[in-house]
Amino acid sequence: MSWDYEEAQERKDRLEQEIAKRVKRGERLEALAVPSGSKKLCATFWGQAWCRNLESYQVYESRLPRGRSYLRQGKVYNLEIEPGKVCAEVAGAELYETSVIIQPLDAECWQEIVRKAAGQVGSMLDLLAGKLGDGLMKMLTDREDGLFPKPKEIRFNCSCPDFADMCKHVSAVLYGVGVLLDTKPELLFTLRGVDQADLLSNASNATITDLSANAGDLAGADLSALFGINLAAVEQPAEK
């Protein structure tokens, strides 16, 4: 038995003991589950789009494979997404505190996305399921003007001794975001600090405006009653 193997086994045993102690104290340590038996980490539009965006940046290329492997081994625990931040604990020689800080999506950029998406989002279910037109999906995932953060908008923090900007623990957390988006796609909008309902309300307003201008057979009908909304409130801004 080689010395390197013995040392690795000792580290593994210490880590398992640490996890067991923390669980016994009542601490939550929930490993992020990754689908087994598939080459793809993610199965849905938003999860796959997140991972493709990560892999499109050459600056991340050398560090991503190790993180992907760590995630598949069940080493990412307690992954949480909140506005502007992703945090988790990642198992290495010990449990490391890892976080990714992401700038909110620029307000003007978001308003431009909302404007371009007008009338193209049929329902919240369609949006979160990624059942959108090709043009809209391309716009939402655009590297420069879409929803996903660019490298210059991202900062990494990890308690491990690796001095690289992106260590393997950070990489595992970034891939973990894609896995979590498979089941909770709304968290992408939470992370970027925007409200996905803006896309839906904009679509509704566009439809109402079109109906008002081109009523056709509905001419003279009470559109407010028909659609269950106050049409006047939509057409005219509220007084300040």
Side-chain angles (χ1 to χ4, degrees), residues 32-35 38-61 64-65 67-68 71-72 79-86 100-154 171-211 227 234:
L32 182 63
V34 178
S38 173
K39 291 184 178 180
K40 294 182 178 180
L41 282 175
C42 305
T44 69
F45 166 74
W46 288 113
Q48 291 178 359
W50 173 271
C51 293
R52 281 197 302 270
N53 184 72
L54 275 180
E55 293 164 356
S56 71
Y57 294 106
Q58 189 174 6
V59 68
Y60 296 156
E61 188 176 14
L64 288 175
R68 190 183 180 98
L71 181 61
R72 282 196 177 278
L79 181 68
E80 294 184 353
I81 296 176
E82 56 190 64
K85 185 177 182 181
V86 183
V100 179
I101 309 301
I102 296 177
Q103 292 180 16
L105 185 63
D106 179 77
E108 289 186 7
C109 180
W110 175 240
Q111 289 306 314
E112 183 65 9
I113 289 174
V114 171
R115 185 188 68 79
K116 289 180 178 178
Q120 298 187 60
V121 183
S123 69
M124 188 63 68
L125 183 61
D126 286 345
L127 175 63
L128 297 181
K131 295 180 179 179
L132 308 168
D134 291 343
L136 181 55
M137 289 193 294
K138 184 177 180 180
M139 186 262 290
L140 290 173
T141 59
D142 184 83
R143 274 189 18 159
E144 295 301 321
D145 301 312
L147 284 173
F148 298 119
K150 297 179 279 292
K152 66 181 182 181
E153 298 174 321
I154 307 175
S171 172
V173 169
L174 285 172
Y175 269 125
V177 172
V179 172
L180 197 55
L181 292 181
D182 259 3
T183 55
K184 298 179 179 180
E186 66 277 8
L187 290 178
L188 173 60
F189 300 90
T190 298
L191 180 61
R192 297 315 314 271
V194 296
D195 186 355
Q196 65 267 29
D198 290 348
L199 297 173
L200 189 61
S201 62
N202 193 275
S204 301
N205 291 348
T207 301
I208 294 164
T209 301
D210 183 63
L211 283 169
F227 290 96
V234 172

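Quick note: numbers below take in every heavy atom, side chains included, and nothing from hydrogens, waters or symmetry partners.
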Between [X] and [Y], is there a donor-acceptor pair closer than 3.5 Å when you use the side chain of the first and the backbone of the second?
| X | Y | answer |
| --- | --- | --- |
| Asp126 | Lys131 | no |
| Trp46 | Leu127 | yes |
| Arg192 | Pro83 | no |

Over all atoms of both residues, closest heavy-atom pair of [X] and [Y]:
| X | Y | answer |
| --- | --- | --- |
| Arg68 | Lys40 | NH2-CA, 4.3 Å |
| Leu64 | Tyr175 | O-CE1, 3.4 Å |
| Pro151 | Tyr60 | CA-OH, 3.2 Å |
| Trp50 | Pro149 | CZ3-CD, 3.7 Å |
| Ser56 | Asn53 | OG-O, 2.6 Å |
| Leu128 | Pro185 | O-CG, 3.3 Å |

Measuring only between side-chain heavy atoms, which start at C-beta, is [X] closer than 4.5 Å to [Y]?
| X | Y | answer |
| --- | --- | --- |
| Leu41 | Pro35 | no |
| Val194 | Val114 | no |
| Phe148 | Leu191 | no |
| Ile113 | Met139 | yes |

Atom pair [atom1]/[atom2] of [X] and [Y] - distance to nearest 0.5 Å:
| X | Y | atom1 | atom2 | result |
| --- | --- | --- | --- | --- |
| Leu180 | Ile81 | CG | CD1 | 4.5 Å |
| Leu147 | Leu140 | CG | CG | 5.0 Å |
| Gln48 | Leu181 | CD | CG | 11.5 Å |
| Arg115 | Glu108 | CZ | CD | 12.5 Å |
| Gln196 | Leu200 | CD | CG | 9.5 Å |
| Trp110 | Leu199 | CH2 | CG | 4.0 Å |

Val177 and Val100: CA distance, side-chain angles, deciding distance, side-chain contact (heavy atoms from CB on, under 4.5 Å) verdict: CA-CA 10 Å; Val177 172; Val100 179; over 6 Å; no
More than 12 heavy atoms of other groups within 6.0 Å of Lys150 NZ: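 More than 12 within 6.0 Å, yes.
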Cation-pi, Tyr57 ring and Arg143 (6.0 angstrom, 45 degrees):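 That pair qualifies as a cation-pi contact.
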